[in-house]
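This report concerns only the one structure given below.
So that the names make sense, note that chain A is the first sequence line, chain B the second, and so on, each numbered from 1.
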2 protein chains.
Amino acid sequence: MPEYLSRRRPLLHETRCQTCSLSSLCLPLALELEDMDQFDAIIRRRAPLKKGEPLFRQGEAFTSVFAVRSGSLKQVTIEGNGNDQLTNFYLPSELVGLDGIDEQHYPGSVVALETTTVCEIPFDRLDLLSEELPELRAQLYRSMSKEMREDRRMMRLLSRKTADQRMASFLITLSDRFRRRGYSPYSFRLSMARADIGNYLGLAVETVSRILSRFQSQNVVAVSGREVNILGMPQLLALAEEDIQEVASS
Amino acid sequence: MPEYLSRRRPLLHETRCQTCSLSSLCLPLALELEDMDQFDAIIRRRAPLKKGEPLFRQGEAFTSVFAVRSGSLKQVTIEGNGNDQLTNFYLPSELVGLDGIDEQHYPGSVVALETTTVCEIPFDRLDLLSEELPELRAQLYRSMSKEMREDRRMMRLLSRKTADQRMASFLITLSDRFRRRGYSPYSFRLSMARADIGNYLGLAVETVSRILSRFQSQNVVAVSGREVNILGMPQLLALAEEDIQEVASS
DNA sequence: CGGAAATTTGACATGTATCAAGCCCTGTGG
DNA sequence: CCACAGGGCTTGATACATGTCAAATTTCCG
């Protein structure tokens, strides 16, 4: 057999949910094998996005939700004045676009932070399938509910936490998301720029940079460019929650 | 007929969706009459809540979502330290409790701000009914999607807006919600304390008070206790969006 | 009517943004 | 392979918006 044939990437196979390494985290997580086939059938493959390329732009007609397969993305909303707000980062297995259902337009642009592949799930077909498959419907409700809970956590972070607490919380959340996906929770690479982190956390870039430097000098993390090593998870957890006066306890 | 009989409140009738004045805003908004009967059948009436009484408490098992019929409520989440965060106010026709689906527990307490009545909708029955009624399912998806969009708007408010802009945005949003419900958008009563507003907007109570005083001295609003009169909606809209340097345009 | 809670107002402290400058990566073209 | 350019990142000095503390005043409710 000529090599170019055997080397041909088995795309269809790779994109099947049954063989996807993310299936235990993703939308079809609760489906039986035969139901998963049905789900599989409505998914569209997409060419990988390059860094900086938009998955969709703010205001475009809502047609599909997307599950991240690899890479990462950010969601950015621009309001009247040029002021933009980064409202979310998306990692593999997470669902993008659910907030567009209501108004039938995507309320923000979603842009790849690195080379990224996604599964496109046309929403009308997903909705119909969710009629037949109670487990799928339940999972969809759960996904949306979870995103609401996370938004509320973010609201608390933005309205009650200091810059240090925000930065520590951010690192912990990332760490946890990597851990759940089978990666090291202590050593990972940030796919987003400092400016993105600042925008997301409601801080100036300079503040993000300063805090990372300080965390480093306190031996809580080691940061080199976008490589992060968490050296003291307990300290980081303490930094994320504690109020200034509570330090005396230990 | 003795008076106490004729005075008996026709509860069953009043709680029917078909005769409810909120039906065009509430969950069953898109249903045909006969479908609405089915929906009606799963709803449970509840005794009115008094001011300060909880609809449910943080951590309780999730069983139902609730539609507000009259009055108003606040949602409060307490984290490890006593620090609590007010994440939402709920007005008539709005759905409470959707963020509990995922973890099967309510992530925050919801408390009445005044005498308040709600319709209880057991979620398992709602889910089953949403299988049969595509319009109901669509409306449920829309409600959750809308709440996600509103959360993101709140995130932008908390991370990018000044105290003045937050306060102006808050008044405008309230005004708009009253308008949609058929009440005056210019004259209304706040059911929440200043402390609640501050907690919600990420501001100190004193700041809320000061800003309201200033808005009043600028003749943008007239505030007397919890009574609010919006005198200059255009000015208020300008205050909500404009950055400091953009004032020069007019 | 009285006491407690809610609200307002003032004085001061401080965390973080802003402005400014320099450094360091990364990728590119010679 | 190296030099260069430009963006990304870091660090310092300063300003200011808003939090905190304190106290007076008003409103609410039994």
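Regarding Asn199(A), its CG atom lies at a distance of 17 Å from the P atom of dT16(C), rounded to whole Å. One can place CZ of Arg226(B) at 15 Å from P of dA5(C), the figure rounded to the nearest angstrom. Rounded to whole angstrom, the span from the CG atom of Leu113(B) across to the P atom of dA6(C) amounts to 13 Å. To the nearest angstrom, C1' of dC19(C) lies 9 Å from CD of Glu206(A). Taking atom NZ on Lys161(A) and atom P on dG15(C), their separation rounds to 18 Å, with Å as the unit. Atom P of nucleotide dT8(C) and atom CZ of Phe215(B) are separated by 14 Å, given to the nearest angstrom. Atom P of nucleotide dT16(C) and atom CG of Leu201(A) are separated by 12 Å, given to the nearest angstrom. In this entry the distance linking CZ of Arg210(A) with P of dG22(C) reads 16 Å, nearest Å.
With DNA chain C read from its 5' end, the first of the two nearest nucleotides for Ala195(B) and Gly202(A) is the one closest to Ala195(B). Residues Asp164(B) and Lys51(B) each lie close to DNA chain D; by heavy-atom proximity, the contact nearer the 5' end of the strand is made by Asp164(B).
Residue Gly198(B) is classed as having no contact, given no heavy-atom separation below 4.0 Å to the nucleic acid. Within the 4.0 angstrom heavy-atom criterion, base atoms lie near Ala204(A). At the heavy-atom level, Leu203(A) lies under 4.0 Å from the strands shown only through sugar-phosphate atoms. At the heavy-atom level, Arg166(A) lies nowhere under 4.0 Å from the strands shown.
For the pair Arg152(A) and Glu147(A), the salt-bridge criterion is not met [side-chain N within less than 4.0 Å of a carboxylate O]. The pair Arg181(B)-Glu94(B) meets the salt-bridge criterion, with a side-chain N (NZ, NE, NH1 or NH2) lying under 4.0 Å from an Asp/Glu carboxylate O.
The shortest distance between side-chain heavy atoms of Leu113(A) and Asp196(A) falls below 4.5 Å. Asp164(B) places a side-chain heavy atom less than 4.5 Å from the side chain of Arg214(B).
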Pair up each side-chain donor or acceptor in residues 51-61 of chain B with any protein partner under 3.5 Å, not counting sequence neighbours, and list the distances.
residue	atom	partner	partner atom	Å
Glu53(B)	OE1	Lys50(B)	N	2.8
Gln58(B)	OE1	Ile78(B)	N	2.9
Gln58(B)	NE2	Ile78(B)	O	3.0
Glu60(B)	OE2	Arg57(B)	N	3.3

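For Ser209(B), the side-chain atoms get nearest to dT9(C) when compared with the rest of dT9(C), dT18(C), dA17(C).
Remark: of the listed residues Arg156(A), Arg160(A), Lys161(A), Arg156(A) is the sole one forming a salt bridge (charged side-chain N to carboxylate O under 4.0 Å, His left out) with Glu79(B).
The outermost nucleotides of DNA chain D lying under 4.0 Å from heavy atoms of chain B, listed 5' to 3', are dT18(D) to dC29(D).
One side chain, Ser64(A) or Glu120(A), offers a donor N or O that lies under 3.5 Å from an acceptor on the other.
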